[in-house]
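See structure below.
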Amino acid sequence: MAAPDHVVVAPLLAALATAIATLLLRPLPRAQRAVSVLGGVAYAVGVAVLYRGVVADPDGYLVYALSNWEAPFGIVVVADPLSAFMLVIAAVVGLAALVFSVGYLDPADQTLAYHPLFHLMLVGVTGAFLTGDLFNLFVWFEVMLMASYVLVVFYSGPEHTRAALHYAVLNLIGSAVMLLAVGGIYAVTGTLNMADITARLASGAADPVPVLGLSAVLFSVFALKAGIVPFQFWVPAAYRAAPAPVTAVLAGVVKKVGIYAVIRLYFTVFAAATLPVSLPFVAGESFLAFFGPVMFAMAVGSIIFGGVAAVNQPDLDGLLAYSSIGQIGFIVLPLAVAATAPDGGELMVLGVAAALVYSLNHGLAKGLLFLGAGAARRATGTTQFDDLGGLSERDPVFAGSFFLGALALIGIPPLSGFFGKFLVFDVGVRAGSTTVLGVALVGAIFTIAYFSRAWNRAFWGEPVDYEREPLLVAVVAVLAVGLLALGVGFDPVFRAAEAAAEAAVNRSGYVDAVLEVEL
C-alpha cells in the first residue's frame with residue numbers, strides 16, 4: 001500500500017517542532033535535554049516512515065505540494081530513493097550526536113541555544129534533501145548554515161571566534177554567489193522548479209550557453225559547502241573549533257548536502273542539456289561531460305592534499321579534520337567517472353552508487369571518530385598526541401570502537417568501508433582508467449598512514465590519566481557495531497544505493513513524478 005504524500009514532510013516537521021520545543025523549555029534544562037533526544041528519535045522515525053513510503057510507492061517518488069499549489073508554480077517537496085538515502089545518514093549521525101551532546105557538554109552550556117540550533121541545522125539539512133525548487137535549495141542551505149555558524153563559535157574563545165568568522169564569511173560569499181546564479185538560471189529558463197528546468201533544457205526551450213556558465217558558478221558553491229579542494233579553506237579551523245558532536249554532524253551530514261546538490265542538479269537536472277560547442281578535454285555532448293574533468297581534478301587535489309596534511313598533524317582533531325578533506329575526494333572520484341560515462345548506462349549508475357555507499361560509510365565512520373576524539377578529550381583533557389598514550393589499556397571498549405571506525409575508512413572487510421572503497425576501485429577498473437586506480441591507491445595508502453600514526457600515538461605507549469565517560473563510550477561503540485552490521489549485511493545497503501543512483505540519473509521519472517508530464 002502506497003504511503004500518503006504528506007509523509008514527505010514528517011522529518012521536517014519533527015526537527016522544526018523539536019527546535020521550537022527546546023527553545024521554549026530553556027527554563028527547564030533537564031526537560032529540554034530529554035525533549036531534544038526524543039525529538040532526535042522522532043526525526044529518525046519520520047525518516048524511516050518516509051523511506052518505507054518511497055520503497056512502497058510503485059514509482060519510488062512521493063511529491064507533496066505545499067498549500068495544494070501544483071508544480072511548477074507552487075513549492076513542492078520531493079522524496080525519492082536518493083533523498084531518502086541521504087536522510088538516513090542525517091538521522092543516524094544526528095541522533096548519535098544528540099545523545100553524545102547530553103553527556104559531553106556542560107549542562108549549563110546546553111541550556112541557552114545549543115539544542116534549538118542543533119535541530120534547526122537538521123531542519124536545513126532535511127529541507128535541502130527534499131526540496132524540488134532551486135530557490136528553496138538556497139533557503140534551506142541558509143537555514144542549515146546560520147545554525148552551524150553559531151554552533152562553530154559555541155565556546156566563544158579567540159580561536160573559535162576566528163574560525164567561525166572565517167567559516168561564516170566564506171560561506172556567506174558562497175551564498176551570495178549561489179543566489180546570483182539561481183537568479184540567472186531563472187532569468188534564462190523562466191522557472192525555478194528543478195523538474196521544470198530539466199524539461200525545458202531537454203526540449204531546447206532554454207539557451208544552454210548561459211545555463212552552462214551559471215551551472216559552473218553553482219558548482220563552485222557546492223564544492224565550497226562540501227569542502228572540496230580548492231574550496232577547503234574553512235574545514236580545519238571550523239572542525240577544530242566546534243564541539244565534538246557538532247563537528248561529527250558537520251563532517252558526517254552537512255558536507256553531504258553539497259554532495260547531494262551536485263548529484264541532484266548535475267546528474268538529474270543539468271545533464272538534460274547538451275553542450276552548445278565542442279570543448280577540449282571534454283568527451284561527450286552532455287553538460288555532465290564538461291564537469292567530469294573538473295570533478296576529477298578536485299577529487300585528486302582533495303585526496304592528496306588531505307592525506308599529506310593529515311599525516312603531519314600533531315593532534316587527533318587536526319588529523320581527522322584534514323582526513324575529511326581527503327575522504328571527500330573518494331566520494332567525488334567515482335562521480336567524476338560517472339559524469340563522463342554513457343548517459344544512464346551501467347557505469348554511470350555504478351559511479352553514483354559508489355559515491356553514495358562511500359558517503360554512508362564516511363558519515364558513520366567519521367561521525368564515530370570525531371565523537372571518539374571528543375570522548376578522548378573529556379577523559380584525558382587533550383587530543384594532542386604528545387600528551388596521549390595507552391588508551392587501549394585504559395579503555396579497551398573505547399579503543400576497539402575507535403579502531404573499527406579507522407578500519408572502516410581504511411576499507412578493511414567485513415566493515416562497510418571495505419565495500420565503499422571496493423566500489424570506487426571497481427568503477428576505475430570498469431572505466432579502464434589506471435589514473436583513477438592510481439589516485440585511489442595513493443589515497444588508501446595515506447589513509448593507512450595517518451590512522452596508523454594516530455593509533456600508535458594515542459592508543460599504544462605509556463598510559464595517561466583517564467576518566468571514563470560511559471555514555472560517550474556507549475555512543476561510539478553503537479556506531480562501531482553499526483559499521484560492522486552494515487558490512488555483514490551489505491546487500492540491502494547496495495540495493496538501496498543502486499536505487500538511489502538510478503533515481504539520480506532517471507530524469508524522465510523525476511519530471512513525470514513532479515510535473516506529471518512525460519519528458
Side-chain angles (χ1 to χ4, degrees), residues 11 44-57 60 79-96 125 129 248 251-253 255-257 259-260 263-264 267 327-328 330-335 337-338 346-369 401 404-427 430 440 444 477-506:
V45 171
V47 169
V49 171
L50 182 151
Y51 192 93
R52 184 176 179 180
V54 168
V55 171
D57 188 85
D80 67 353
L82 174 60
S83 55
F85 188 93
M86 303 304 288
L87 281 171
V88 169
I89 302 175
V92 174
V93 178
L95 181 57
V125 167
F129 287 152
V253 178
K255 265 194 169 189
K256 305 305 182 299
V257 178
I259 295 296
Y260 169 80
I263 296 174
R264 173 60 75 205
F267 285 84
Q327 294 299 316
I328 207 72
F330 275 103
I331 298 173
V332 178
L333 189 61
L335 289 180
V337 176
E346 181 180 345
L347 183 57
M348 177 178 283
V349 172
L350 181 63
V352 177
L356 292 173
V357 170
Y358 207 100
S359 294
L360 174 63
N361 176 70
H362 178 262
L364 299 185
K366 191 50 69 75
L368 180 159
L369 294 171
S401 301
L404 284 176
L407 291 181
L409 284 182
I410 291 171
I412 302 297
L415 298 166
S416 60
F418 165 75
F419 297 99
K421 196 148 287 183
F422 173 81
L423 287 171
V424 172
F425 279 96
D426 189 30
V427 168
R430 296 197 187 199
V478 168
L479 286 175
V481 172
L483 289 171
L484 182 59
L486 287 176
V488 173
F490 180 71
D491 187 58
V493 176
F494 179 72
R495 289 202 304 268
E498 190 175 39
E502 289 172 349
V505 303
N506 183 12

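In this structure, F490 and F419 have parallel ring planes: the angle between them is below the 30° cut-off, well short of the 60° mark.
Separation of atoms OH (Y51) and CG (L87) is listed at 11.0 Å; rounding is to 0.5 Å. Y260 contributes atom OH, which lies 8.5 Å from atom CE of M86 (distance to the nearest 0.5 angstrom). Summarising the geometry, atom CD1 belonging to I263 is positioned 8.5 Å from atom CD1 belonging to I331; distances are rounded to the nearest 0.5 Å. Interatomic distance, L415 CG to L364 CG, rounded to the nearest 0.5 Å: 11.5 Å. Annotation: the span from I259 atom CD1 to I328 atom CD1 amounts to 4.0 Å, rounded to 0.5 Å. Expressed to the nearest 0.5 Å, how far CD of E498 lies from CD of E346 amounts to 8.5 Å.
Closest approach of G405 to L368, counting heavy atoms only: CA-CD2, 4.0 Å. Nearest heavy-atom pair, A354 versus P334, reported as atom, atom and distance to 0.1 Å: CB-CB, 4.0 Å. Shown here for G367 and L479, the closest heavy-atom pair between the two residues is C-CD1, 4.4 Å. Across all non-hydrogen atoms, the minimal contact from K421 to L409 is NZ-O, 2.8 Å. L335 and F267 make their closest contact through O-CZ, 3.6 Å (heavy atoms, listed as atom of the first residue, atom of the second, distance). Minimum interatomic distance between V357 and G420 (heavy atoms only, all atoms of both residues): CG1-CA, 3.7 Å.
The closest donor-acceptor contact from the side chain of K256 to the backbone of A251 lies under 3.5 Å. Side chain of D80 to backbone of S83: a donor-acceptor contact under 3.5 angstrom is found.
Between L82 and L356 the shortest side-chain heavy-atom distance falls below 4.5 Å. Using a 4.5 Å heavy-atom threshold, the side chains of F129 and R264 count as separate. A heavy-atom distance below 4.5 Å is found between the side chains of V253 and V93. Counting only heavy atoms from C-beta outward, the side chains of L50 and P11 approach each other to under 4.5 Å.
More than 12 non-hydrogen atoms from other residues, nucleotides or ligands lie less than 6.0 angstrom from CZ of F425.
When P492, S416, P414 are each tested for a side-chain contact (heavy atoms from CB on, under 4.5 Å) with L486, only one passes: S416.
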### Task
Please step through side chain to side chain contact (heavy atoms under 4.5 Å, CB included) for the pair L404 and L483, ending with a clear verdict.
CA-CA 8 Å; L404 284 176; L483 289 171; 5.5 Å; no
